[in-house]
Each structure stands twice: as C-alpha cells, then as structure tokens.
Amino acid sequence: MVLGEVLKDIETACKLLNIAADPVDWSPGNVQKWLLWTEHQYRLPPMGTAFQELGGKELCAMSEEQFRQRSPLGGDVLHAHLDIWKSASAGEDSWADSEVDSSCSGQPIHLWQFLRELLLKPHSYGRLIRWLNKEKGIFKIEDSAQVARLWGIRKNRPAMNYDKLSRSIRQYYKKGIIRKPDISQRLVYQFVHPI
DNA sequence: AATAAGGACACTC
DNA sequence: GAGTGTCCTTATT
C-alpha cells in the first residue's frame with residue numbers, strides 16, 4: 001500500500017545517495033547529502049549551513065522546535081521528512097533490516113546505474129529524466145541542470161554540471177553501455193542493453 | 001546559447 | 001588500470 005511505496009522511495013533514495021536507511025547512522029556528510037536531496041525533491045528553501053557538523057544521532061534527537069530555530073523557513077517541513085525516515089527504519093527493524101542495509105550501502109555507483117535508477121522512479125524523477133521508449137532503452141534528460149545537480153550530490157561534487165556529466169556519458173559510447181539513438185536528438189540517449 | 005564530440009590530464013579507488 | 005571529473009577546442013543545432 002502507501003507505506004510500501006514510502007519504503008521503496010526511501011530505499012531508492014539511500015541507494016542513490018549511498019547513505020544508510022536509518023538516519024541515526026548518518027555521518028555529518030550523510031546528513032548534508034540527505035538535506036540537499038530533500039531540499040531538491042520537495043523544493044524546500046535552501047538550509048545552507050544551518051545543519052552543518054550535525055551527525056545523524058544528534059539530528060534525530062532534535063525536536064521540531066529546534067529544527068525551526070536552525071531554519072525558520074523550512075525547518076518544520078524538514079523535520080517532518082526526517083520523521084518519515086525514522087519511522088520507516090523503525091518498522092524495518094522488525095523484519096528485513098539486513099536486506100535494506102545491504103542494498104543501501106553499495107559503495108560506488110556508476111553514472112549509468114544512477115540514471116537507470118532515476119528512470120525507474122518516474123513518479124519522483126519523471127520531470128527530470130524519462131523514457132521515450134523503455135523497451136529500446138531510449139531516454140531523454142528533460143532537465144539537464146537538475147540531473148547534474150543530483151549526480152553531484154551523490155558523488156560529493158558540488159561543481160558537477162551537464163557539461164561534465166555528458167562527457168562521462170560519452171565515455172560510455174566506446175564501452176557499449178550508452179549510445180546516441182539512430183536519430184540523434186538533443187538530450188536523448190539510449191542504453192545499449194535495455195532492461 | 002545550449003548541446004555534442006572527443007582529446008588531454010588529474011584524481012581516487 | 002577503471003571510472004570518472006575537469007578543462008578545452010571545434011562543430012552542430
């Protein structure tokens with residue numbers, strides 16, 4: 001049901017971000033990644049350095065009031081999002097927490113895997129990247145700047161942009177992972193081996 | 001102006 | 001050495 005969808009979204013997000021599902025386990029760096037990601041996903045006002053140097057444990061111990069003190073604009077919303085993550089992993093402990101842990105802490109993710117994960121979540125990312133023909137693996141990047149930004153968050157590369165991301169995609173041409181479709185179009189690529 | 005292609009070099013694992 | 005990230009030149013849309 002709805003709860004299942006939430007759990008899947010969280011699992012996808014922690015895979016994309018390479019952070020644990022349980023916020024208590026987050027390092028200060030993990031907290032920043034989650035923060036940037038959540039800001040972007042829900043178009044929250046930028047929190048800037050309001051939560052810098054905070055580990056997951058400290059973050060989880062903070063009240064909604066303290067969130068609002070750090071960030072008067074979006075602090076309450078952010079606290080609500082963290083609450084979802086907390087309760088999701090609390091429920092996870094009762095049955096399949098080892099599975100989530102293993103799927104969320106895979107160290108390096110390749111760019112082509114990252115793009116595929118975004119494509120498989122059209123509900124969350126369909127405004128940024130979507131299939132033109134899923135069977136053939138043809139997809140279009142609808143918002144190059146945002147996709148690059150998300151990739152930058154994942155890799156801790158704040159200076160990431162589409163110029164550099166696309167250069168990495170081009171490296172896939174000779175490797176036979178991604179190519180340009182037969183009819184070349186701007187911002188359209190094709191997986192050589194569709195799902 | 002934005003995107004595409006690919007060479008060159010630096011960096012991290 | 002693989003997989004980028006960064007920078008750059010040139011061409012195309």
Side-chain angles (χ1 to χ4, degrees), chain A residues 9-23 25-41 43 46-49 51-56 98-122 124-195:
Chain A
D9 281 349
I10 288 179
E11 189 181 331
T12 302
C14 66
K15 199 187 300 178
L16 254 28
L17 294 170
N18 195 29
I19 60 177
D22 191 343
D25 296 332
W26 292 345
S27 68
N30 294 158
V31 170
Q32 285 306 305
K33 282 168 88 171
W34 173 80
L35 182 60
L36 286 168
W37 192 268
T38 306
E39 263 175 35
H40 172 270
Q41 275 292 105
R43 304 196 167 74
M47 311 288 164
T49 61
F51 295 88
Q52 206 134 40
E53 303 303 318
L54 276 174
S98 60
E99 192 204 322
V100 169
D101 264 358
S102 64
S103 65
C104 288
S105 52
Q107 272 289 39
I109 190 171
H110 288 170
L111 176 57
W112 66 269
Q113 296 176 310
F114 182 84
L115 295 176
R116 193 167 54 81
E117 297 286 347
L118 294 182
L119 283 160
L120 293 176
K121 285 278 171 189
S124 302
Y125 308 107
R127 266 61 64 186
L128 308 187
I129 182 172
R130 67 185 178 88
W131 296 112
L132 292 187
N133 185 327
K134 187 170 181 177
E135 290 66 44
K136 292 185 178 176
I138 300 173
F139 62 95
K140 175 165 185 173
I141 296 172
E142 299 282 5
D143 190 331
S144 58
Q146 299 286 32
V147 172
R149 182 157 182 275
L150 296 190
W151 178 234
I153 293 171
R154 172 59 176 84
K155 296 294 292 292
N156 296 319
R157 282 280 97 81
M160 182 52 60
N161 57 28
Y162 181 67
D163 181 40
K164 289 181 263 194
L165 184 150
S166 64
R167 182 69 189 92
S168 291
I169 292 180
R170 269 176 250 126
Q171 293 287 156
Y172 290 145
Y173 293 174
K174 60 171 179 270
K175 298 184 179 179
I177 297 172
I178 289 178
R179 67 183 191 85
K180 271 303 212 182
D182 294 325
I183 304 144
S184 180
Q185 301 172 73
R186 296 184 131 210
L187 299 170
V188 176
Y189 298 91
Q190 176 172 195
F191 284 102
V192 174
H193 304 294
I195 323 286

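Chain letters run A, B, ... following the sequence lines, proteins first, then strands; residues in each count from 1.
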Asker: Taking atom CZ of Arg127(A) as the centre, report whether more than 12 heavy atoms of other residues, nucleotides or ligands fall under 6.0 Å from it.
Answerer: yes
Asker: On the 0 to 90° scale, with breaks at 30° and 60°, tag the Phe139(A)-Phe191(A) ring pair as parallel, tilted or perpendicular.
Answerer: tilted
Asker: Between Ser144(A) and dT3(B), is there a side-chain N or O to OP1/OP2 distance below 4.0 Å?
Answerer: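 For dT3(B), OP1 or OP2 has a side-chain N or O of Ser144(A) closer than 4.0 Å.
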Asker: Tyr162(A) side chain N/O closer than 4.0 Å to the phosphate oxygens (OP1, OP2) of dA4(B)?
Answerer: yes
Asker: Using a 4.0 Å cut-off on protein heavy atoms (strictly under), produce a 5'-to-3' string for nucleotides 1-13 of chain C with B for base contact, S for backbone-only sugar-phosphate contact, and - for none.
Answerer: --SBSBB-----B
Asker: Whole Å only: how far is the OH atom of Tyr173(A) from the C1' atom of dA4(B)?
Answerer: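 Computing the Tyr173(A):OH to dA4(B):C1' distance gives 7 Å.
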Asker: Relative to Tyr189(A), does Lys180(A) satisfy both conditions: NZ or CZ under 6.0 angstrom from the six-membered ring centre, and within 45 degrees of the ring's axis?
Answerer: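 So Lys180(A) does make the cation-pi contact.
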Asker: Would you list the pairs meeting salt bridge (charged side-chain N to carboxylate O under 4.0 Å, His left out) in which at least one residue belongs to residues 112-121 of chain A, sequence neighbours left out?
Answerer: Asp9(A)-Lys121(A), Lys15(A)-Glu117(A)
Asker: Are the side chain of Arg154(A) and the backbone of Leu16(A) linked by a donor-acceptor contact shorter than 3.5 Å?
Answerer: yes
Asker: What is the distance from CG of Asp143(A) to C1' of dA2(B), rounded to the nearest Å?
Answerer: 13 Å
Asker: Could I get the full list of side-chain hydrogen bond (donor to acceptor under 3.5 Å, both in side chains) partners for Arg130(A), not counting sequence neighbours?
Answerer: Glu142(A)
Asker: When you match Tyr189(A) and Lys174(A) each to their closest nucleotide on DNA chain B, which lands nearer the 5' end?
Answerer: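 This one resolves to Tyr189(A).
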